[in-house]
Amino acid sequence: MPALSFVLAVEAAASGVLVGLALGLTGGGGSIFAVPLLVYVLGLAPEDAVPISLVAVALTALVGAVQAVRHRLAVWQPAAIFAVGGVIGAPLGLAGARHVPHEWLLAGFAILALTVGGLMWRASRVAPAQASAVRARVYPADAGPVCALEPEGQLRFTAPCAAVLAATGIGTGLLSGLFGVGGGFLIVPALVLVTRMGIHRAVATSLLIITAIGFAGAAGAVWQNRIDWPLLAPFAAGGAAAMIAGRRLAARLAGPRLQRTFSVLIVAVGAGMLIDALI
């Protein structure tokens, strides 16, 4: 692949910074900015932007996942089952994106963005305390049953619980592969609903799942030689650096007001992309 011009490299790094900062501050939903930036700022076709977005999101999630594991916040059993489903779904979604017309892919992504923005706004109103539980931070461990809890406090999975997690993982993987998003906006609520674990553990566990799903989709893209490595390098580097910065800012900024601000931005991006796809 040809070397990147200096201007394009700077634009790629700046775009990555925006994505990483959004991920660091909001936790779920920040990755929704990756594909629009790759398409409208860096000029990629949607199907070419998706694999780059997957790799960049996986790398930035990995930064938080390492911290979550170090502090023993991640819950491994639901993470493994959810991730297996996602690893199955992500390559399928990535392959499907190649056969969807550009306009339909943009329109689908726009509808997804509008949905995510609406869910973020609603969550900031219904559960404002959870708006501070972003992936950029580490919290004390919280108690809570995971699918089922033995009298002595040990975790016990049931078959229906595992089936629901796996099925949700496949659906999340399909969306991730199709649209290049991390899926945290689906993973965290699913973990809380199905396992009833606390929000902080769900956020930490989601990082492992997002990393696995992202790299699974990226592996398929590498196999198909669909990744623009010179463009990915500054984009991912900017995202990882901004993710670290977002972690430090989150303690002061994270909350319902910030989440509503990002939800408005996501809705605006989604509306613009939908108009562009339909015109």
Side-chain angles (χ1 to χ4, degrees), residues 27-29 31-32 50-51 53-55 57-62 64-66 68-69 72-97 100 108-109 111-112 115-116 119 123 130 133 135 141-150 153-223:
S31 63
I32 206 82
V50 166
S53 175
L54 275 175
V55 177
V57 169
L59 288 173
T60 51
L62 181 61
V66 170
V69 171
R72 299 181 180 179
L73 287 176
V75 185
W76 290 96
Q77 286 175 304
I81 294 174
F82 208 118
V84 167
V87 166
I88 294 171
L92 296 176
L94 190 65
V100 178
F109 188 95
I111 293 171
L112 178 65
T115 302
V116 172
L119 289 174
Q130 293 184 5
R135 288 199 291 264
D142 47 6
V146 179
C147 294
L149 197 66
E150 300 286 8
Q154 297 299 313
L155 303 181
R156 175 173 60 86
F157 264 101
T158 62
C161 169
V164 170
L165 286 175
T168 309
I170 292 173
T172 303
L174 285 170
L175 283 177
S176 296
L178 193 59
F179 297 119
V181 296
F185 58 91
L186 288 176
I187 296 170
V188 173
L191 288 172
V192 172
L193 178 64
V194 176
T195 70
R196 300 189 304 280
M197 72 173 68
I199 182 66
H200 299 146
R201 283 198 178 277
V203 168
T205 303
S206 76
L207 285 169
L208 296 174
I209 300 168
I210 292 168
T211 302
I213 291 175
F215 283 129
V222 171
W223 179 263

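The structure displayed is predicted, hence computed values, not measured ones.
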Within the structure provided, determine whether F109 and I32 are in side-chain contact (heavy-atom separation under 4.5 Å). yes

Residues at least two apart in sequence or cross-chain that pass side-chain contact (heavy atoms from CB on, under 4.5 Å) with L174, listed by chain then number, are L92, I170

Less than 4.5 Å apart, any side-chain heavy atom of P91 and any of L94? no

Closest non-hydrogen contact found for F82 with A190 is CE1-CB, 4.0 Å

Using 0.5 Å steps for rounding, measure from the CZ atom of F215 to the CG atom of L59. 4.5 Å

Identify the heavy atoms of V75 and R201 that sit nearest to each other, and give their distance. CG2-CD, 3.9 Å

Who passes side-chain contact (heavy atoms from CB on, under 4.5 Å) against A83, sequence neighbours left out? A212

Do you know which two heavy atoms are closest between A61 and L207, and how far apart they sit? O-CD2, 3.6 Å

Any idea which heavy atoms bring A202 and L191 closest together, and the distance? O-CD1, 3.6 Å

So, for P51 and A221, which heavy atoms are closest and what is the spacing to 0.1 Å? CB-CB, 3.4 Å

Can you sort out the partners of A74 under side-chain contact (heavy atoms from CB on, under 4.5 Å), two or more places apart, ordered by chain and number? T205, L208

Which donor-acceptor pairs under 3.5 Å do the side chains of residues 176-189 make with protein atoms, sequence neighbours left out?
unit_1 : atom_1 : unit_2 : atom_2 : d
S176   : OG     : T172   : O      : 2.9
S176   : OG     : V181   : O      : 2.9

Can you find a pair of side-chain heavy atoms, one from V57 and one from T211, that are under 4.5 Å apart? no

Applying side-chain contact (heavy atoms from CB on, under 4.5 Å), name anything that partners V164, two or more places apart in sequence or on another chain. T168, V194

